[in-house]
Amino acid sequence: MKRVPPRAFLTVCLLTASVQAQAPAPPGQLPPLPLTQLDERALAADLDNRTFTLMFAQPVPIHDLLLLLVRGTTLSVVPAPDIAGTFIGELKSVTVRQALGWILPPLGLDYSIEGSFIRVFHREPGTRIFSINYIATERTGDSVIGGSRDSAGGSARVTSTTGSDMFAELAKSVGTLLSDRGVFSIDRRAGLLQVTDFPERLDAVSQYLDAVQERVHHQVQIDASIVEVELNDVNGAAAQTLDWTALARAGVEAGSPPGARPLINGLRVSDVSRFFTALATQGKLSVLAQPRVLALNNQPAIVRGTTTAGGDVEEITLSVTAQSADGMVMLSLSPIVTVRAAEANRNGAGTTTREADTLARVRDGETIVLAGFTRDRETREPRSGGITGGWFGRTTVVTKKRVELLILLTPRIVS
């Protein structure tokens with residue numbers, strides 16, 4: 001006897017426990033609506049309240065599945081004639097709206113509800129325009145200190161490209177968020193981004209842009225102090241450096257968290273006034289400049305100052321870039337100190353330049369001290385003696401002092 005092959009397994013289990021049979025209206029209530037009118041309460045119940053379970057062990061055509069979804073309801077389904085695809089799997093205790101939302105998108109389909117009709121069609125990309133409130137330039141800090149660019153040993157340069165090109169970076173990031181059908185264009189002059197893609201991709205782009213613009217529009221105010229300490233003599237000789245242990249106790253003890261300690265190139269300070277008082281006990285303290293700058297996140301700012309002391313000319317340039325988040329500030333610091341000695345032509349000292357480049361992380365309102373710019377300063381004063389009159393009776397008194405230059409930076413998050 002010829003064996004009949006088993007039929008494909010198909011199970012559709014409808015859980016109708018939550019669907020109540022329509023009962024006659026109690027006395028005092030309005031009678032049911034005529035068939036020519038639409039009962040929105042019934043539509044809502046069919047879309048969102050009526051739950052069922054679908055289980056398919058074999059692929060079922062999408063047209064057949066759509067008919068099963070609306071069977072026994074007041075809803076009608078109208079699929080586009082060119083849609084295709086199959087479904088295999090199980091959906092437990094879902095509503096009609098939930099089933100449509102989970103089944104259709106993987107097949108490249110979407111739906112809309114018009115009254116009691118559910119239209120099913122191919123998903124098509126939409127277009128959305130986003131505003132980018134940012135300057136369409138690549139900002140670079142550039143500074144030349146002392147002499148000309150061509151003079152040997154007479155110039156120093158700070159170049160920072162941390163800011164980079166905001167619009168170019170947005171273009172790279174947005175491209176990774178789009179589907180294979182997504183396209184976009186950026187109008188730098190108008191500050192607009194136009195994106196064409198599916199709705200969920202457009203929502204992802206919107207969330208990304210909101211996060212980016214919220215971060216890049218943060219501002220950090222940086223208060224700088226450039227100070228010089230001419231160190232006291234110790235046991236008849238000039239001190240070689242500052243007593244950092246004493247300075248740490250003075251500047252850190254007042255209100256700083258436990259474990260704060262001197263940095264390799266400086267110190268974190270929570271009480272600047274106490275720190276200055278401690279500095280004054282170790283030498284002659286001079287405040288050379290106290291500039292203040294306001295900068296956006298990841299945008300370079302330049303602090304520059306020139307002073308003359310003992311005949312020497314000191315030129316200080318500091319490139320600083322800040323990034324703030326969660327009450328902390330990351331600082332990229334590139335200080336340059338150039339000294340032109342007053343007696344360069346006579347003793348060959350010439351011009352010296354010292355540079356540094358460092359990253360630091362401080363709390364909002366905390367002060368960081370950059371150090372390591374120590375040098376010897378030589379002053380010459382004429383003194384009469386022996387035979388008076390003319391240059392033969394004069395001698396020159398040479399005094400050498402050890403000088404420490406410090407740069408204090410206090411970043412404050414203002415927005």
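Computed from heavy atoms alone, side chains included, the values below leave out hydrogens, waters and symmetry copies.
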Would you say [X] and [Y] make side-chain contact, with heavy atoms under 4.5 Å?
X: Ile113; Y: Arg97; answer: yes
X: Thr53; Y: Ser93; answer: yes
X: Phe373; Y: Pro335; answer: yes
X: Pro79; Y: Ile62; answer: no
X: Phe52; Y: Val96; answer: yes
X: Leu68; Y: Phe56; answer: yes
X: Asp223; Y: Gln221; answer: yes
X: Leu231; Y: Thr374; answer: no

Any donor-acceptor N/O pair, [X] side chain to [Y] backbone, under 3.5 Å:
X: Ser173; Y: Leu170; value: no
X: Gln282; Y: Asp243; value: yes
X: Gln213; Y: Ser131; value: yes
X: Asp187; Y: Leu192; value: no

If you take all heavy atoms of [X] and [Y], which pair is closest and at what distance?
X: Ala322; Y: Ile222; result: CB-CD1, 4.4 Å
X: Arg123; Y: Pro199; result: NH2-CD, 3.9 Å
X: Ala171; Y: Phe184; result: O-CZ, 3.4 Å
X: Thr95; Y: Leu47; result: CB-O, 3.3 Å
X: Pro411; Y: Leu331; result: CG-CD1, 4.1 Å
X: Arg354; Y: Gly372; result: NH1-O, 3.8 Å

Side-chain donor/acceptor pairs under 3.5 Å, residues 82-90, sequence neighbours excluded:
none

Step-by-step side chain to side chain contact (heavy atoms under 4.5 Å, CB included) determination, Val70 to Ser76:
CA-CA 7 Å; Val70 298; Ser76 300; over 6 Å; no

Rounded distance [0.5 Å steps], [atom1] in [X] versus [atom2] in [Y]:
X: Leu100; Y: Leu66; atom1: CG; atom2: CG; result: 7.0 Å
X: Leu193; Y: Ser206; atom1: CG; atom2: OG; result: 10.5 Å
X: Ile302; Y: Ser319; atom1: CD1; atom2: OG; result: 4.0 Å
X: Leu279; Y: Ser286; atom1: CG; atom2: OG; result: 11.0 Å
X: Thr358; Y: Ile368; atom1: OG1; atom2: CD1; result: 7.0 Å
X: Glu404; Y: Leu285; atom1: CD; atom2: CG; result: 12.0 Å

Pair Ser273, Asp271: side-chain N/O donor-acceptor within cut-off below 3.5 Å
yes

Quick one: do Val403 and Glu228 satisfy side chain to side chain contact (heavy atoms under 4.5 Å, CB included)? Show the steps, please.
CA-CA 7 Å; Val403 178; Glu228 183 182 82; 3.2 Å; yes

Looking at residues at least two apart in the chain, or sitting in another chain, which of them share a salt bridge (Lys or Arg N to Asp or Glu O under 4.0 Å) with Glu124?
Arg181

Arg128 vs Asp203, salt bridge (Lys or Arg N to Asp or Glu O under 4.0 Å): CA-CA, chis, key distance, verdict:
CA-CA 10 Å; Arg128 198 179 301 178; Asp203 291 340; 3.3 Å; yes

Applying side chain to side chain contact (heavy atoms under 4.5 Å, CB included), run through Leu318 and Ile407 and close with a yes or a no.
CA-CA 9 Å; Leu318 173 66; Ile407 301 175; 4.1 Å; yes

Would Asn297 and Val220 count as a side chain to side chain contact (heavy atoms under 4.5 Å, CB included) here? Give the steps.
CA-CA 7 Å; Asn297 265 1; Val220 177; 4.0 Å; yes

